[in-house]
Amino acid sequence: YKEFFTHKGPLYYYFLKFLNNLYGIGWLQYFISFLITILFSYSIFFYVTKKIANKNKLLLCFLFTNLLLFQDSNISIQILQSSFLFAFLYFFDVYIDKKNIKDLICASFLLLFSVLIRIDTLIFLAIPFLVLVFENHANKFKSLAIFIFSFILTFFISSILFGFSFVDFY
């Protein structure tokens, strides 16, 4: 993975490598990989959309469909990254409402997956930090510590499994 791209993380490339190991490499396999990426991403989008109130479903479906317009050659990376980012925002919102630590940890994993697809997503770390710091409840620092710990722990486990380091993103 080293020096492959400057701002793209390894997760999508390992996903593609897994798919290529299943059915090989070639022109047709490229389209199959792209189709699987789109179906996987949209299954995440529709799962989250199903969980949201009825009045927003049509608007969200319209927005997800618009992700396909005016894209460059990185469309598959952008759509997969957007799906994990959208799921992160959903689970983080659920955590804010219900204060369930499982939702916070799930949000942390999803944000990390998005970062491991494209490092630019790291800017979205500001959302949980600002919300959790300025949140008005007794366990806000515990929640912030759990979010940071799960994010960092998952990053280090992923870096060991996939053989990359934070320096590779720099």
Side-chain angles (χ1 to χ4, degrees), residues 1 5-15 37-38 40-67 71 74-170:
Y1 170 73
F5 281 107
T6 55
H7 70 284
K8 296 176 183 89
L11 190 61
Y12 186 63
Y13 297 103
Y14 287 113
F15 176 69
T37 300
I38 297 296
F40 180 75
S41 298
Y42 275 77
S43 66
I44 293 172
F45 284 135
F46 289 121
Y47 169 79
V48 172
T49 303
K50 186 177 178 184
K51 297 287 188 177
I52 295 176
N54 288 332
K55 63 181 179 180
N56 296 328
K57 284 184 183 181
L58 185 60
L59 175 64
L60 290 173
C61 290
F62 176 72
L63 290 173
F64 300 146
T65 305
N66 282 332
L67 285 174
Q71 294 292 334
N74 291 327
I75 187 172
S76 57
I77 293 172
Q78 293 166 349
I79 288 176
L80 189 63
Q81 179 249 342
S82 296
S83 65
F84 282 116
L85 186 60
F86 182 70
F88 151 71
L89 292 170
Y90 168 74
F91 279 100
F92 190 71
D93 185 53
V94 170
Y95 166 75
I96 295 302
D97 288 341
K98 298 181 181 177
K99 303 293 186 253
N100 186 347
I101 294 297
K102 290 178 186 178
D103 293 322
L104 182 64
I105 292 171
C106 187
S108 175
F109 289 152
L110 290 165
L111 181 61
L112 179 67
F113 293 156
S114 185
V115 167
L116 289 177
I117 292 170
R118 192 166 176 157
I119 192 67
D120 305 352
T121 315
L122 205 54
I123 197 162
F124 285 93
L125 271 174
I127 293 171
F129 284 118
L130 293 174
V131 170
L132 291 174
V133 166
F134 293 112
E135 190 176 33
N136 191 16
H137 78 88
N139 295 327
K140 67 181 178 181
F141 292 111
K142 178 183 173 187
S143 298
L144 186 61
I146 289 171
F147 184 87
I148 292 170
F149 178 75
S150 61
F151 186 88
I152 291 172
L153 179 67
T154 308
F155 179 84
F156 283 118
I157 290 171
S158 300
S159 68
I160 291 168
L161 290 173
F162 297 131
F164 68 90
S165 69
F166 190 73
V167 177
D168 294 332
F169 287 105
Y170 184 62

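Keep in mind that this is a model prediction, so the values were computed, not measured.
- Taking Lys99 as the reference, Glu135 meet the salt bridge (charged side-chain N to carboxylate O under 4.0 Å, His left out) condition, with sequence neighbours excluded.
- Under the side-chain hydrogen bond (donor to acceptor under 3.5 Å, both in side chains) criterion, Ser143 pairs with Tyr95, sequence neighbours left out.
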Below 3.5 Å, can you tabulate the donor-acceptor pairs from side chains in residues 106-116 to any protein atom, sequence neighbours excluded?
from	atom 1	to	atom 2	distance (Å)
Ser108	OG	Phe147	O	3.3
Ser108	OG	Ser150	OG	2.9
Ser108	OG	Phe151	N	3.1
Ser114	OG	Gln81	O	3.3
Ser114	OG	Thr121	OG1	3.4

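- At most 12 non-hydrogen atoms from other residues, nucleotides or ligands lie less than 6.0 angstrom from CZ of Phe124.
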Would you please test Val94 and Asn100 for side chain to side chain contact (heavy atoms under 4.5 Å, CB included) and show each step? CA-CA 8 Å; Val94 170; Asn100 186 347; over 6 Å; no
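- Expressed to the nearest 0.5 Å, how far CZ of Phe91 lies from CD1 of Ile96 amounts to 14.5 Å.
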Verdict with reasoning, Leu89 to Ile127, per side chain to side chain contact (heavy atoms under 4.5 Å, CB included): CA-CA 9 Å; Leu89 292 170; Ile127 293 171; 3.9 Å; yes
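- If you take CD1 on Ile44 and CZ on Phe88, they are separated by 14.5 Å, rounding to the nearest 0.5 Å.
- Taking OG of Ser41 as the reference point, atom CD of Gln78 lies at 11.5 Å (rounded to 0.5 Å).
- From Leu85, atom CG reaches atom CD1 of Ile117 across 10.0 Å, with rounding to the nearest 0.5 Å.
- One distance of note links CD1 of Ile146 with CG of Leu153; it measures 13.0 Å at 0.5 Å rounding.
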Does the side chain to side chain contact (heavy atoms under 4.5 Å, CB included) test come out yes or no for Asp103 and Phe92, once each step is laid out? CA-CA 7 Å; Asp103 293 322; Phe92 190 71; over 6 Å; no
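- A distance of 9.0 Å separates CD1 in Ile79 from OG1 in Thr37, rounded to the nearest 0.5 Å.
- Applying the 6.0 Å contact sphere to CD1 of Ile123 captures no more than 12 heavy atoms from other residues, nucleotides or ligands.
- Formation of a donor-acceptor pair under 3.5 Å by the Ser83 side chain with backbone atoms of Leu80 is found in this model.
- Considering every non-hydrogen atom in both Phe129 and Leu125, the closest pair reads CD1-O, 2.8 Å.
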